[in-house]
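Each remark here refers to the structure printed beneath this line.
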Amino acid sequence: MAAADPLAVPEGATGVLVLASGEVVWGRGFGAEGQAVGEVCFHTAMTGYQEIMTDPSFAGQMICFTFPHIGNVGANPDDVEADNPHALGMIVREDVTEPSNFRSAEHLNHWMKKHARIGLAGIDTRALTRRIRVGGAPNGVIAHSASGEFDIPLLQQMAREWPGLEGMDLAKAVTRETHGGWGEDRAGGVWRLGFGYDGEGHEVHTESDFRPHVVAIDYGSKHNIFRNLVQAGAKVSVVPATATYDQIMALNPDGIFLSNGPGDPAATGEYAVPVIRQLLETDKPLFGICLGHQLLALAVGARTTKMFQGHRGANHPVKRLEDGAVEITSMNHGFAVERDSLPANARETHVSLFDGSNAGLELTDRKAFSVQYHPEASPGPQDSFYLFERFVRALKPVA
């Protein structure tokens, strides 16, 4: 008997994941039809799939969700971190069902189609996650064709030839293109049940009417970071990733924020690090998150490296070294600061309890600190809000 063709499309298959190694994983497509090439990674969060898909840090990546039931609360216009999704697609175990949530405004399938994002269901996500844990995050192509027609050799070639995230600057692709104030064209406050992002009725953590001015450099920031800076008592202006030192200082900031973002920090650092070094010389307070943390480390002479599988989830324990407290954090990064490369003036402040990797630093000779995790994501849920308050307090004039 002749062996079955390993590239033949199984009955009922309308979606496929093709890895750079040549492996082919069949499933059922949903969302938009088409194909996309990038890095395949897994995410362990049980909730927040809309926030994850719209996080600019996921540009160039497709997400394998380890939680099997994705889409069952539908989609709504509030649970997004950017105006459009940035992750290339999602890989899930169970078919997306009809939503069952009072906040749902549309089916996830419709939301994915509207934003031209590909979904793949019916995948053994446990097996794929184990494959990533053992072999590292692979390059791959996700594809969806309602007709079930695929050119597998072409998709294998696309996956093989994609260069990977190492050495890739993606911040320029996701940053805003204009300078502007956060809250001028949208509500600035944090979300409240029944009110949304109204920006009203919140306790502002400031002791006077003075609202210090933060200039945030947008390397691919999540909206909720800016909302939390406003909640902590700051006025926020946002500038593109490529903003120059002179453009930033022309806004007369009281402090500087370095945002999260996608890609290789060393590649983004080619233009970002010289600007950050100039900003450090002003001795204005500076706060960085995720990519911003890595760029601050590069600016003071440390190194970053590509991680084997990365950290992506909403349950990552981080130890705060000054007092031993453990914060439950949300993480999303595929690169890390090499802790042994930190210079003498950079004190390690936080470490991951999963693998001991660096999760925070502060400079001993400048008013600058940063963390590798996302304090705005509320997994704790409020374990890390103090970071925003600490930063804004440092911006107040001395009485």
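One is the number of the first residue; the rest follow in order along the sequence. Given the structure is predicted, the values throughout are model-derived calculations rather than measurements.
- Applying the ring-ring contact (aromatic ring centres under 6.0 Å, His included) test to every pair with at least one member in residues 316-360, sequence neighbours left out, gives these pairs: H311-H316, H311-H333, H316-F354, H350-Y373.
- With sequence neighbours left out, T47 forms a side chain to side chain contact (heavy atoms under 4.5 Å, CB included) with no residue at all.
- Taking 4.5 Å as the limit, some side-chain heavy atom of R131 sits within range of a side-chain heavy atom of S21.
- Here salt bridge (charged side-chain N to carboxylate O under 4.0 Å, His left out) pairs that include residues 298-315, with residues two or more places apart or in two chains, are E39-K306, E39-R312, R303-E338.
- Here the side chains of K284 and L279 are not in contact, with every heavy-atom distance at 4.5 Å or above.
- When hydrophobic residues (I, L, V, M, F, W, Y) are linked wherever their side-chain heavy atoms come within less than 4.5 Å, V174 remains an isolated member.
- Within the 4.5 Å cutoff, the side chain of Y386 has heavy atoms near those of the R320 side chain.
- Under a 3.5 Å cut-off, the side chain of N358 and the backbone N or O of E348 do not form any donor-acceptor pair.
- Between T44 and T129 the shortest side-chain heavy-atom distance does not fall below 4.5 Å.
- Listed by first and then second residue, the ring-ring contact (aromatic ring centres under 6.0 Å, His included) pairs involving residues 123-170 are W26-F150 (not counting sequence neighbours).
- Below 30°, between 30° and 60°, or above 60°: for F385 and F388 the angle between ring planes is above 60°, a perpendicular geometry.
- Residues V300 and L280 are in side-chain contact: their nearest non-hydrogen atoms beyond the backbone lie under 4.5 Å apart.
- In this structure, Y219 and L258 have side chains that are in contact, with non-hydrogen atoms separated by less than 4.5 Å.
- Not one N or O on the side chain of D55 forms a donor-acceptor pair closer than 3.5 Å with the backbone of F58.
- Under a 3.5 Å cut-off, the side chain of H213 and the backbone N or O of L251 do form a donor-acceptor pair.
- Put simply, the side chain of D383 gets close to the backbone of I328: a donor and an acceptor are under 3.5 Å apart.
- Applying the ring-ring contact (aromatic ring centres under 6.0 Å, His included) test to pairs two or more places apart or on separate chains, none has a residue in residues 227-256.
- Between the side chain of R93 and the main chain of D124, no donor-acceptor pair closer than 3.5 Å is present.
- Remark: the backbone N or O of D169 is not paired with any side-chain donor or acceptor of T268 at under 3.5 angstrom.
- Counting heavy atoms from C-beta outward, S104 and V73 have side chains that stay 4.5 Å or more apart.
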